Undergrad: 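For reference, the structure I am asking about is given below.
Just so you know, these numbers come straight off a predicted model, no measurement behind them.
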Amino acid sequence: MTTMYESGSPYIMTGADIVRMGEPAEMLVGGKNYNTALISRVEGIRTPQFRAIPATAFQLVLDKSRVNAALIYQIVDAAMADVDWTSPAVASDHTFFTTFVRRTAEEIRKAMAGKSASTCLRDFINQVVNGFAESQENIAQLRRRSMLVQSAILSISLPAEVDEAVRKAYRDMCEEGGDGEFPVAVRSSAAGEDSRKKAFAGLQDTYLNISGEDAVALAYQWDCASAYNLRSMTYRREAILDAIAQAEREGDASIADTARKEWAIENTALSVCIMRMIRPVVAGTAFSADTATGCRGTTRNDLVSIDSSYGLGESIVGGMVTPDKFYVFQRDDGTDVVLRFMGRKTVRMVYNEEEGGTQIEAVPADLVNEWALGEGEPIEVARGVRAISKAYGGIIMDTEFCIDDQKRLWFVQARPETRWNAELDEHPNTIFMRRKEVLPEAAKNAEVLLSGNGASRGAGQGTVRFLRSALELNKVQPGDILAAERTDPDMVSGMRVASAIIANVGGDTSHAAISSRELGIAAVIGVQNPLAMRAMDGQPVTVDGTRGLVYRGLLPLCDVGGEMEVDKLPATRTRVGIVLADLNQALFLSRLRNVSDFE
């Protein structure tokens, strides 16, 4: 029996529909939609209008659409053969592959005129991805698979039921708003994405400033194709390969079997979120903990860390800028204290008023060295994040916010943080301190090539591979140092084999920073020296993510630390405290406050 929702359509869900269904809705509408519905019910939290197109619509697209498989192979292979993938013009263009896929899909669509199409789209996709999950293919082979699937999805016409549902969802939002058509964001919301166990780190696509039902329907189709982009497919494959390796180490075949089912590309289920766009003056990310160390502040868990910059928040999560950093915590009397660290906000993402979508522009010179958040705004953001965290049972939350031209604070996204929530769940009384560090004696006399923000602790070393874009990922071999002008979710597959990351711009909450912490590799971000980075290509270096430094050569590394069992520390007759000059180390050891004898 088909389930009908408030809209009267089985393919449109409102926030009320999602809340009414409860936890089972998360697998139907994905983490982004599910969490948006939950935070919209938190008192004092302002969220934009939205509608969810559930995964059942995506499944209908795969099952009802038909393609001409031979024609797709023929046109895709010919198109790819005409591209010099090593060309500087291609390699440095972050948008090249997306544009190339869409152009090829349009060629397929035109060539289909008058020809039969008998292959089920789902069957075609499964044929293309067969064997991919456990393969060791190079970037060119992986690119071809992704190209074939995305071109196929973009070459078909959406089933009428799905096309009308997407259009109706947009019309309903405009009617509800009462002020005519307005721009929306069309965001992927994959099953399991933005859940407590998986972040997916922006693997599928988001399209901003989309106006009109025709454009929204097209953006929905783009999102469907992005479920099979190179970074998403590679992420799934690496998750399976990691599980196979773990299964072999532990002698438990069920670990690999579970991963094969959970991460199978054939089981991809994509929901989409259509959300009203806010016109932000300032936007940012805010966590209810320190992102680098997991510190929650006092025993009240009141610490909130904020990254902010001008314009749309994509400039932060996409690593285009080094944002301002704020730490907000409470005194015992409940008043808030704000620590501030100035970033380098030279560009911002804004609406493209003429063509739709977005564009990057320079930040006016008089604003570059001003704080993005005004007086009192960090405290307002922190109070909102604490309220959201409380609504989720007090766990660490990762949120995205913006402030519009009327000084109104909006929360546009929230998700449970993955790295530190998992550690606190599994090892609530253990502080893990074991990692590789640069030998102190060697560091004293070493030549520092670059300095920046240590976004992920520890040390790594290898040969620098500077990437102009993700199209050059084939340059990165296991153990290399991945370096780039800016961090980018497309680089996840390269990060998984790299020993460390260096990025010219970006903050603690950019996708690469979050992913490097999840992967447990050192990262130095925001070095603000692009010429020096490019000159380092091919050179051996040592990356110190704890101190935010990059040294010339391969310095000696040592294993430091161990595991501290906080609940097993012996009682003392005198209260004990530690005085530390290193802020990061102090935050990292903050769980010692749970020891009764600790000051």
Undergrad: What closest approach, in Å, do Pro530 and Asn504 show between heavy atoms, and which atom pair accounts for it?
TA: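 Between these two residues, the closest heavy atoms are N-OD1, 3.3 Å.
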Undergrad: Using a 3.5 Å distance criterion without hydrogens, assess whether the side chain of Lys32 forms a donor-acceptor pair with backbone atoms of Ser188.
TA: yes
Undergrad: What's the spacing between Ser516 OG and Met495 CE if we round to 0.5 Å?
TA: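 Rounded to the nearest 0.5 Å, the OG-CE separation comes out at 5.0 Å.
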Undergrad: Salt-bridged, Glu400 to Arg415, with N to O below 4.0 Å?
TA: yes
Undergrad: Would you say Glu447 has more than 12 foreign heavy atoms packed within less than 6.0 Å of its CD?
TA: yes
Undergrad: Is there a donor-acceptor contact under 3.5 Å from the side chain of Trp420 to the main chain of Thr291?
TA: yes
Undergrad: Atom CD1 in Ile274, atom OG in Ser189: separation rounded to 0.5 Å?
TA: 11.5 Å
Undergrad: Taking the six-membered ring for Trp, are the ring centroids of Trp371 and Phe326 within less than 6.0 Å of each other?
TA: yes
Undergrad: Hey, does the side chain of Gln406 reach the backbone of Ile403 with a donor-acceptor pair shorter than 3.5 angstrom?
TA: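 The answer is no, because no donor-acceptor pair under 3.5 Å joins these two groups.
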Undergrad: Between Ser232 (side chain only) and Asn229 (backbone N and O only), is there a donor and an acceptor less than 3.5 Å apart?
TA: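 Not a single qualifying donor-acceptor pair exists.
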Undergrad: Is Asp336 salt-bridged to Arg383, going by a charged N under 4.0 Å from an acidic O?
TA: yes
Undergrad: Got Ile45 and Trp410 here, is their nearest side-chain heavy-atom distance under 4.5 Å?
TA: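 Sidechains of Trp410 and Ile45: no contact.
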Undergrad: Do the non-hydrogen side-chain atoms of Arg344 and Val505 ever get within less than 4.5 Å of each other?
TA: no
Undergrad: What distance do Asn453 atom CG and Asp508 atom CG have between them, rounded to the nearest 0.5 Å?
TA: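 Atom-to-atom, Asn453:CG and Asp508:CG are 4.5 Å apart.
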Undergrad: Less than 4.5 Å apart, side chain to side chain, heavy atoms only: is that true for Arg386 and Val328?
TA: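 Yes, their side chains come closer than 4.5 Å.
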Undergrad: Give a yes or no on whether the backbone of Ala372 and the side-chain of Asp324 come within a donor-acceptor separation of less than 3.5 Å.
TA: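 Judged by distance alone, yes, a pair lies under 3.5 Å.
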Undergrad: With distance as the sole criterion, is a donor-acceptor pair present between the side chains of Asn209 and Asn352 under 3.5 Å?
TA: no
Undergrad: Ignoring hydrogens, what is the shortest heavy-atom contact between Pro378 and Ile306? Give both atom names and the distance.
TA: O-CD1, 3.5 Å
Undergrad: What verdict does the side chain to side chain contact (heavy atoms under 4.5 Å, CB included) test give for Phe432 and His427, after you've listed the backbone C-alpha separation in whole Å, the side-chain angles of each residue and the deciding distance to 0.1 Å?
TA: CA-CA 9 Å; Phe432 291 93; His427 309 283; 3.6 Å; yes
Undergrad: Can you find a heavy atom in the side chain of Ile502 that is under 4.5 Å from one in the side chain of Val527?
TA: yes
Undergrad: So does Gly507 get a backbone contact from the side chain of Thr322, meaning a donor-acceptor N/O pair under 3.5 Å?
TA: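 Side chain of Thr322 to backbone of Gly507, a donor-acceptor pair under 3.5 Å: no, none is there.
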Undergrad: Could you tell me which non-hydrogen atom of Met397 sits nearest to which non-hydrogen atom of Ala414, and how far apart they are?
TA: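 Smallest heavy-atom distance, with atoms named: CE-CB, 4.1 Å.
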Undergrad: Apply side chain to side chain contact (heavy atoms under 4.5 Å, CB included) to Glu417 and Ser389, showing your working.
TA: CA-CA 10 Å; Glu417 187 273 347; Ser389 178; over 6 Å; no
Undergrad: What distance separates Asp544 CG from Leu549 CG, expressed to the nearest 0.5 Å?
TA: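 Here the interatomic distance stands at 5.5 Å.
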Undergrad: Do you see a donor-acceptor pair shorter than 3.5 Å between the side chains of Arg231 and Gln204?
TA: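 Their side chains do not contain a donor-acceptor pair, so the 3.5 Å distance test is not met.
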Undergrad: State the CE-CE distance between Met349 and Met320, to the nearest 0.5 angstrom.
TA: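 Reported value, rounded in 0.5 Å steps: 3.5 Å.
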Undergrad: Within 45° of the six-membered ring axis of Trp263 and under 6.0 Å from that ring's centre, is NZ or CZ of Arg236 located there?
TA: no
Undergrad: Indicate every side-chain donor-acceptor pair of residues 310-318 with a distance under 3.5 Å to a residue at least two apart or in another chain.
TA:
{"from": "Tyr310", "atom 1": "OH", "to": "Leu367", "atom 2": "O", "distance (Å)": "2.7"}
{"from": "Tyr310", "atom 1": "OH", "to": "Glu370", "atom 2": "O", "distance (Å)": "3.3"}
{"from": "Ser315", "atom 1": "OG", "to": "Leu312", "atom 2": "O", "distance (Å)": "3.2"}

Undergrad: Does Ser271 reach the main-chain N or O of Gly30 with its side chain, forming a donor-acceptor pair under 3.5 Å?
TA: no
Undergrad: When rounded to the nearest 0.5 angstrom, what is the spacing between CG in Leu241 and CZ in Arg496?
TA: 8.5 Å
Undergrad: Does the pair Tyr392 and Leu38 meet the rule for a side chain to side chain contact (heavy atoms under 4.5 Å, CB included), with working shown?
TA: CA-CA 9 Å; Tyr392 279 75; Leu38 294 189; 3.6 Å; yes
Undergrad: Can you check whether Asn421 reaches Thr418 side chain to side chain, under 4.5 Å on heavy atoms?
TA: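 Sidechains of Thr418 and Asn421: no contact.
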Undergrad: Taking the side chain as C-beta and beyond, is there a heavy-atom pair between Leu531 and Met533 under 4.5 Å?
TA: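 Answer no - side chains too far apart.
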Undergrad: Show the atom names and distances, to 0.1 Å, of all donor-acceptor pairs under 3.5 Å that link a side chain in residues 458-468 to residues at least two apart or in another chain.
TA:
{"from": "Gln461", "atom 1": "NE2", "to": "Thr542", "atom 2": "OG1", "distance (Å)": "3.3"}
{"from": "Gln461", "atom 1": "NE2", "to": "Leu555", "atom 2": "O", "distance (Å)": "2.8"}
{"from": "Arg465", "atom 1": "NE", "to": "Asp480", "atom 2": "OD2", "distance (Å)": "3.2"}
{"from": "Arg468", "atom 1": "NE", "to": "Glu472", "atom 2": "OE1", "distance (Å)": "3.4"}
{"from": "Arg468", "atom 1": "NE", "to": "Glu472", "atom 2": "OE2", "distance (Å)": "3.0"}
{"from": "Arg468", "atom 1": "NH2", "to": "Glu472", "atom 2": "OE2", "distance (Å)": "2.5"}

Undergrad: Looking only at heavy atoms, what is the nearest atom pair of Gly494 and Val476, with distance?
TA: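 Closest approach of Gly494 to Val476: O-CG1, 3.9 Å.
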Undergrad: Examine Trp222 together with Tyr207 and report whether their ring centres are nearer than 6.0 Å.
TA: yes
Undergrad: Check whether any side-chain heavy atom of Val550 sits under 4.5 Å from a side-chain heavy atom of Val448, and report yes or no.
TA: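 No, every pair of side-chain atoms sits at 4.5 Å or beyond.
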Undergrad: I need the minimum non-hydrogen distance between Ala442 and Pro556, along with the two atoms involved.
TA: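 In this case the closest contact between Ala442 and Pro556 is CB-CD, 3.6 Å.
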Undergrad: Identify whether the distance between the nearest side-chain nitrogen and carboxylate oxygen of Arg300 and Asp332 falls below 4.0 Å.
TA: yes
Undergrad: If you measure from the Lys or Arg side-chain nitrogens to the Asp or Glu carboxylate oxygens, is any gap between Arg279 and Asp404 under 4.0 Å?
TA: no
Undergrad: Looking at residues at least two apart in the chain, or sitting in another chain, which of them share a side chain to side chain donor-acceptor pair (under 3.5 Å) with Ser456?
TA: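 Once residues adjacent in sequence are excluded, Ser456 has no partner under the side chain to side chain donor-acceptor pair (under 3.5 Å) criterion.
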Undergrad: Please list, chain by chain and in numerical order, all residues satisfying side chain to side chain donor-acceptor pair (under 3.5 Å) with Glu565, sequence neighbours excluded.
TA: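 Result, side chain to side chain donor-acceptor pair (under 3.5 Å) vs Glu565: Thr430.
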Undergrad: Would you say the side-chain atoms of Arg348 pair up with the backbone N or O of Val363, donor to acceptor, closer than 3.5 Å?
TA: no
Undergrad: Holding to side chain to side chain donor-acceptor pair (under 3.5 Å), I want the full list of residues that pass it with Glu423, two or more places apart in sequence or in another chain.
TA: Arg419, Arg591
Undergrad: Between Gly479 and Ser499, which heavy-atom pair has the shortest distance, and what is it?
TA: O-OG, 3.1 Å
Undergrad: Under 3.5 Å, is there a donor-acceptor pair between the side chain of Glu380 and the main chain of Gly376?
TA: no
Undergrad: Check whether any side-chain heavy atom of Leu439 lies under 4.5 Å from a side-chain heavy atom of Leu557, and answer yes or no.
TA: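 Leu439 does not reach Leu557 side chain to side chain.
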Undergrad: Checking Thr335 against Gln330 for the side chain to side chain contact (heavy atoms under 4.5 Å, CB included) test, could you report, in this order, the C-alpha distance in whole Å, the side-chain angles of both residues, the deciding distance, and whether it holds?
TA: CA-CA 6 Å; Thr335 59; Gln330 288 182 325; over 6 Å; no
Undergrad: Kindly write out the residues that satisfy side chain to side chain donor-acceptor pair (under 3.5 Å) with Tyr327, not counting sequence neighbours, or none if the list is empty.
TA: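 Once residues adjacent in sequence are excluded, the partners of Tyr327 under the side chain to side chain donor-acceptor pair (under 3.5 Å) criterion are Asp290.
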